[in-house]
Protein chains: 2
Amino acid sequence: MTRETKVTEFTKPKSMVDQIYRSISTAITTGALEPGRRLVEQELQKDFGVSRAPIREAIRLLEADGMVVVDAYKKKYVRYLTREDLLDNIPVLAMLESLAARLAVANITPQKILELQNLNSEIEEAFAAGDFVHCAELNFSFHRSFLQLAGNKTLHRAIRSIVKSTLWMWLTSQYYRNHSIIPSSLEEHNGILEAFRAQDTRLVERKVREHNENVLERFLSQTKFNEQGICQFTPPQNLSTSGG
Amino acid sequence: MTRETKVTEFTKPKSMVDQIYRSISTAITTGALEPGRRLVEQELQKDFGVSRAPIREAIRLLEADGMVVVDAYKKKYVRYLTREDLLDNIPVLAMLESLAARLAVANITPQKILELQNLNSEIEEAFAAGDFVHCAELNFSFHRSFLQLAGNKTLHRAIRSIVKSTLWMWLTSQYYRNHSIIPSSLEEHNGILEAFRAQDTRLVERKVREHNENVLERFLSQTKFNEQGICQFTPPQNLSTSGG
DNA sequence: GCTATTATTCTTGTCGACAATTTGTCAACT
DNA sequence: AGTTGACAAATTGTCGACAAGAATAATAGC
């Protein structure tokens, strides 16, 4: 009788913790919450209008992801990245993505290659439009496509974990914002697709590995680090001269 | 009101959540909590003598690790493994560990090689003594040594993540319990150490990759799966014929 | 005897409150 | 002036209780 006719209620497919997790996660990848930013439960509680329990659980998930770090006094911060972090990423991501690409060769279709070409064009458009966050997302989609084609859950999980823990999306968007290196990436993407078209496994593997190495080395060479080796991008909107 | 006379309490005031996390994590790797086993907050609450809040946070961490899975009705279970999970692990672990070994070549010392030889002997002893859990731990230590020598945090994190999410320690101990294949592993371990002694990077990389592939394929060929493809080891103490 | 519906129980999700810890401030003392 | 200690504010950790939803038991109807 009293069946609540939840007709217009689409916004309830996920648990509270999941929503908070996603929200903070997105805030970090988009740069709304910059690396090093303190996370205080009371503030988040007010933002989301819930009690602290689900906030705390969501933060635990982010902590496990490596997107949030905890200091000796239990205070939580958005992870900040060091030069060492980026250096460590290079061989691992290059190797995992090239493995994904190798496995994908067996499953890719001409149709899929066309889709990826279109995706590549979309990246170019987003870059031209100055939407660097979307650009990073599309770029990630491009890479993720090989993961999906590879059909290996362990691999998928491993790469996803690295992407999250090293704030990959944030890094990419910041990088796009500050440097005009999209053309190089797009060119390399096309090279990869060509190798796929030729069904040349060895070539695919090499191209993907080199692409990843190139991207990461470009990151490193063009990124500023402070005296503690922490990655320093220009904040999104920095009106005051946060001098100090 | 200071009812807690914690006199002999040197046990690093680790946080409650951390203690619970470790405790459950250990229970899973040792097989005390077998795959598929339901985790009920109220039971754990009684076991640890705390409220549900820290229990829930610990379970969130285990969930993020992939050691615990959640069904559509929010019920929590220890992760169970499928044939597909094991298959997916093979190329990824083989590749990551061989990368670790390659990076380790530059940092290894004759001293360290001797230590690893001793460790190998310890594994043999633990196996002979029938302590399969310890055996799995020591074996993991052997592999982890290369990780530490590699000095790459991203790589360390990636492998650790796979080890946790696929209940690697549990799998290994169960495998040791059921099959007498330690000799093959020990032999391969020695082969790897020889390659290290020769400083032959290519050989190290190949030996480690092959060792991982061998181990995982032995797992697969000698492991039972039920009709749903779920890994079925004989439970630690199985007196009744859990028929079906 | 069997099915449909209603209670009851079990389990998880969320909340507000209190305790413990850390940080910040300020006054007293050497 | 600098240091130290105590007090206050801020923040996190933990608790018990209630609400919501699903699984199970019980009952009514045929």
Side-chain angles (χ1 to χ4, degrees), chain A residues 1-7 9-25 27 33 36-65 67-79 244, chain B residues 1-7 9-25 27 33 36-65 67-80:
Chain A
M1 178 67 186
T2 61
R3 292 176 58 92
E4 19 179 330
T5 61
K6 44 181 69 177
V7 182
E9 184 137 8
F10 302 130
T11 59
K12 193 168 168 283
K14 295 288 181 183
S15 76
M16 201 47 103
V17 172
D18 206 52
Q19 285 180 319
I20 296 167
Y21 169 79
R22 283 169 188 275
S23 185
I24 298 178
S25 185
L33 290 175
R37 168 73 163 266
R38 176 97 183 269
L39 292 179
V40 179
E41 292 170 11
Q42 209 177 26
E43 293 175 15
L44 298 169
Q45 180 180 5
K46 275 184 278 190
D47 291 346
F48 292 102
V50 295
S51 83
R52 278 171 52 218
I55 304 268
R56 285 178 63 83
E57 291 185 25
I59 289 181
R60 286 287 183 190
L61 292 177
L62 292 163
E63 185 189 334
D65 281 346
M67 298 178 78
V68 166
V69 293
V70 183
D71 70 8
Y73 304 113
K74 314 284 186 182
K75 289 192 285 195
K76 280 88 177 175
Y77 305 86
V78 176
R79 171 170 186 176
Chain B
M1 298 309 140
T2 60
R3 30 178 293 143
E4 30 184 343
T5 61
K6 43 182 69 175
V7 184
E9 183 132 11
F10 302 129
T11 57
K12 256 312 170 43
K14 287 274 188 183
S15 77
M16 210 69 207
V17 172
D18 207 50
Q19 287 180 332
I20 297 167
Y21 169 80
R22 283 168 188 276
S23 186
I24 298 179
S25 187
L33 290 175
R37 168 74 162 266
R38 177 98 182 267
L39 293 180
V40 179
E41 292 170 12
Q42 209 177 24
E43 292 176 14
L44 298 169
Q45 181 180 4
K46 275 184 278 189
D47 291 346
F48 291 101
V50 295
S51 81
R52 279 172 51 219
I55 303 268
R56 285 179 62 83
E57 290 185 26
I59 290 181
R60 287 287 183 190
L61 292 177
L62 292 163
E63 185 189 335
D65 281 346
M67 297 177 79
V68 166
V69 293
V70 183
D71 70 7
Y73 302 116
K74 314 282 186 183
K75 289 191 285 196
K76 280 87 176 175
Y77 305 86
V78 177
R79 172 169 184 175
Y80 44 84

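On a predicted model such as this, the values are computed, not experimentally measured, just so you know. Within every chain, numbering begins at 1; the chains are lettered A, B, ... in the order of the sequence lines, protein sequences first and strands thereafter.
- Proximity of a side-chain donor or acceptor of B:Lys74 to a complementary backbone N or O of B:Ala72 within less than 3.5 Å is not detected.
- Separating the CD1 atom of B:Ile55 from the C1' atom of C:dT14 is a distance of 17 Å, rounded to the nearest angstrom.
- Atom CG in B:Leu39 sits 10.5 Å away from atom CE in B:Met67 (nearest 0.5 Å).
- Rounded to whole Å, atom P of D:dC15 lies 14 Å from atom CG of B:Leu44.
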Compile the donor-acceptor pairs under 3.5 Å between side chains in residues 53-60 of chain B and protein atoms, sequence neighbours left out, one pair per line.
unit_1, atom_1, unit_2, atom_2, d
B:Arg56, NE, A:Glu57, OE2, 2.7
B:Arg56, NH1, B:Glu41, OE2, 2.9
B:Arg56, NH2, A:Glu57, OE1, 3.3
B:Arg56, NH2, A:Glu57, OE2, 3.3
B:Glu57, OE1, A:Arg56, NH2, 3.3
B:Glu57, OE1, A:Arg60, NE, 2.7
B:Glu57, OE1, A:Arg60, NH2, 3.1
B:Glu57, OE2, A:Arg56, NE, 2.7
B:Glu57, OE2, A:Arg56, NH2, 3.3
B:Arg60, NE, A:Glu57, OE1, 2.7
B:Arg60, NH1, B:Glu63, OE1, 3.4
B:Arg60, NH2, A:Glu57, OE1, 3.1

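- Across the protein-nucleic acid pair, B:Gln45 atom CD and D:dT14 atom C1' stand 12 Å apart, rounded to whole Å.
- Comparing A:Ala72 and A:Val50 against DNA chain C, the residue whose closest nucleotide sits nearer the 5' end is A:Val50.
- In this structure, B:Ile59 atom CD1 and C:dT11 atom P are separated by 13 Å, rounded to whole Å.
- Taking atom CZ of residue B:Arg60 and atom C1' of nucleotide C:dT12, one finds them 10 Å apart after rounding to whole Å.
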Detail all sub-3.5 Å separations between protein N/O atoms and N/O atoms belonging to nucleotides 10-12 of chain D.
unit_1, atom_1, unit_2, atom_2, d
D:dT11, O3', A:Arg38, NH2, 3.2
D:dT12, OP1, A:Leu39, O, 3.4
D:dT12, OP2, A:Glu41, N, 3.2

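- Taken from CG in B:Leu62 to CG in B:Leu33, the straight-line distance is 10.0 Å, to the nearest 0.5 Å.
- Here the OG-CE distance, from B:Ser23 to B:Met16, works out to 9.5 Å after rounding to the nearest 0.5 Å.
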Item to check | From CA spacing to verdict: side chain to side chain contact (heavy atoms under 4.5 Å, CB included), A:Ile24, A:Leu44 | outcome: CA-CA 9 Å; A:Ile24 298 178; A:Leu44 298 169; 4.2 Å; yes
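- The nearest whole Å value for the distance from the CG atom in B:Asp71 to the P atom in D:dG21 is 16 Å.
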